[in-house]
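Each remark here refers to the structure printed beneath this line.
Atoms within a ligand are numbered from 1 in the order they appear, just like the ligands themselves.
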Amino acid sequence: MQMESLKAPVDSVDSEGFRLDVCAGLRQQQRSIPPKYFYDAQGAALFEQICETAEYYPTRTETAILEQYSVEMMGLISQPCAFVEFGCGSAVKTPLLMRHLDASAVCVLIDICEPQLEQTEARLAAQFPKIEILAVCADYTQLEALPLPVSNDLRPVIFFPGSTIGNYTPEEAQHLLRKAAKLIGPNGSMLIGVDCKKDPAVFNAAYNDKSGLTKAFNLNLLARMKRELGAEIEPDGFTHYAFYNPVAGRVEMHLVSRFDQIIRISGEEFRIGAGETIHTENSYKYRPDEFQKLAKNAGWHSEMFWTDANKFFSIHLLRVL
Ligand code: AVJ
């Protein structure tokens with residue numbers, strides 16, 4: 001089968017894009033680094049371990065919802081379909097839906113972490129030998145077109161699990177969903193996982209696990225800057241700090257400077273004061289009705305959503321309006 005758009009220029013997965021984004025982020029008043037840079041090989045592995053901790057409920061809750069409702073979900077999606085996953089990671093949840101795909105389906109896995117993507121593709125290809133699988137190493141926010149077979153009558157469906165949408169501000173999320181609606185066209189649908197608002201104590205535990213994996217994940221960003229950019233950073237110069245901000249409806253992760261210090265990258269100096277922070281992640285949380293409204297403003301109709309008994313996590317089925 002012929003594929004198009006595979007060579008569409010994709011950026012931000014290379015070290016030059018990383019350097020530019022880090023330096024631009026460190027020049028800001030409130031310093032920040034985009035959270036997509038967490039996911040080098042080490043960061044992706046740490047994230048897998050976070051998902052196994054007792055405190056980090058999203059992965060296991062979303063998996064349980066998929067286990068319970070995958071038949072109903074796939075029954076509402078027209079087949080045969082082109083199943084496109086945004087940010088597949090290790091794609092642990094993907095088989096729960098893939099097992100219901102027709103043999104004529106095409107499955108497209110998109111992720112920025114190349115080593116992990118290769119492993120994931122090999123594993124799914126072995127598990128589903130009849131389904132055509134395509135791996136695309138790209139930032140899904142930068143796609144100019146969906147990487148699909150040239151001529152096909154497959155109905156496209158985007159699978160966007162993990163509450164990755166929470167990493168964007170509501171404005172950015174709306175923009176990204178609008179862009180996805182345009183990419184997928186009329187008839188398109190999307191299954192998207194969204195973490196729900198809840199007791200702040202649950203969030204604070206989930207992003208401060210006792211085994212220190214979230215801390216290691218956050219600090220790995222500095223280690224990656226040293227490895228890939230030759231950044232000069234004081235050892236033990238920063239601490240992990242994560243908290244739920246109920247006013248903004250988001251978990252924030254920061255790296256807090258332990259003392260006055262200078263970070264050097266490619267000849268540029270960043271003077272960081274004691275207690276100053278580098279904001280490394282937002283993780284927005286939505287009530288189902290809030291998310292439906294956001295989706296509607298981005299050109300999607302919410303056909304259905306599923307949740308768990310605690311109403312901790314939601315999976316929405318959206319259709320292009
Ligand atoms: C993968 C973006 C959904 O926001 O919960 C886990 C990443 N950060 N622990 C999240 C993450 C800290 C995660 N997402």
With a 4.0 Å cut-off on heavy atoms, is Gly166 touching ligand 1? no
Find all atoms of ligand 1 within a distance of less than 4.0 Å from any non-hydrogen atom belonging to Tyr56, and give their numbers and elements. 3 (C), 5 (O), 6 (C), 9 (N), 10 (C), 13 (C)
N or O pair under 3.5 Å between Tyr207 and ligand 1: yes
Mutual orientation of the aromatic rings belonging to Phe217 and Phe47 [parallel < 30°, tilted 30-60°, perpendicular > 60°]: tilted
Among all the protein's non-hydrogen atoms, which is closest to atom 3 (C) of ligand 1, and how far away is it? Gly162 O, 2.8 Å
Can you list the steps and then say if Tyr241 with Phe243 is a ring-ring contact (aromatic ring centres under 6.0 Å, His included)? CA-CA 7 Å; Tyr241 193 69; Phe243 63 97; 5.6 Å; yes
Quick one: which ligand 1 atoms are inside 4.0 Å of a heavy atom on Phe217? 8 (N)
Which of the numbered atoms in ligand 1 are below 4.0 angstrom from a heavy atom of Asn167? 2 (C), 4 (O)
Whether Asn220 side chain and Ala223 backbone form a donor-acceptor pair below 3.5 Å: no
In ligand 1, which numbered atoms sit nearer than 4.0 Å to a non-hydrogen atom of Ser163? 3 (C)
Salt bridge check, Arg227 against Asp40: does any charged N sit closer than 4.0 Å to a carboxylate O? yes
Would one find an N or O of Ser283, backbone or side chain, under 3.5 Å from an N or O of ligand 1? yes
Contact check, Tyr39 vs ligand 1, heavy-atom distance below 4.0 Å: yes
For Pro58, state whether at least one heavy atom is located under 4.0 Å from any atom of ligand 1. no
Any nitrogen or oxygen of Glu281 lying under 3.5 Å from a nitrogen or oxygen in ligand 1? Just yes or no. yes
Less than 4.0 angstrom from a charged side-chain N to a carboxylate O is my criterion; do Glu228 and Arg19 meet it? no
Phe38 near ligand 1 by a heavy-atom separation under 4.0 Å: no
Please walk me through it: do Phe238 and Phe259 pass ring-ring contact (aromatic ring centres under 6.0 Å, His included)? CA-CA 8 Å; Phe238 289 87; Phe259 35 76; 8.1 Å; no
Should the pair Arg27-Glu268 be classified as a salt bridge under the 4.0 Å nitrogen-to-oxygen rule? yes
Is the Tyr244 ring parallel, tilted or perpendicular to the Phe203 ring (thresholds 30°, 60°)? tilted
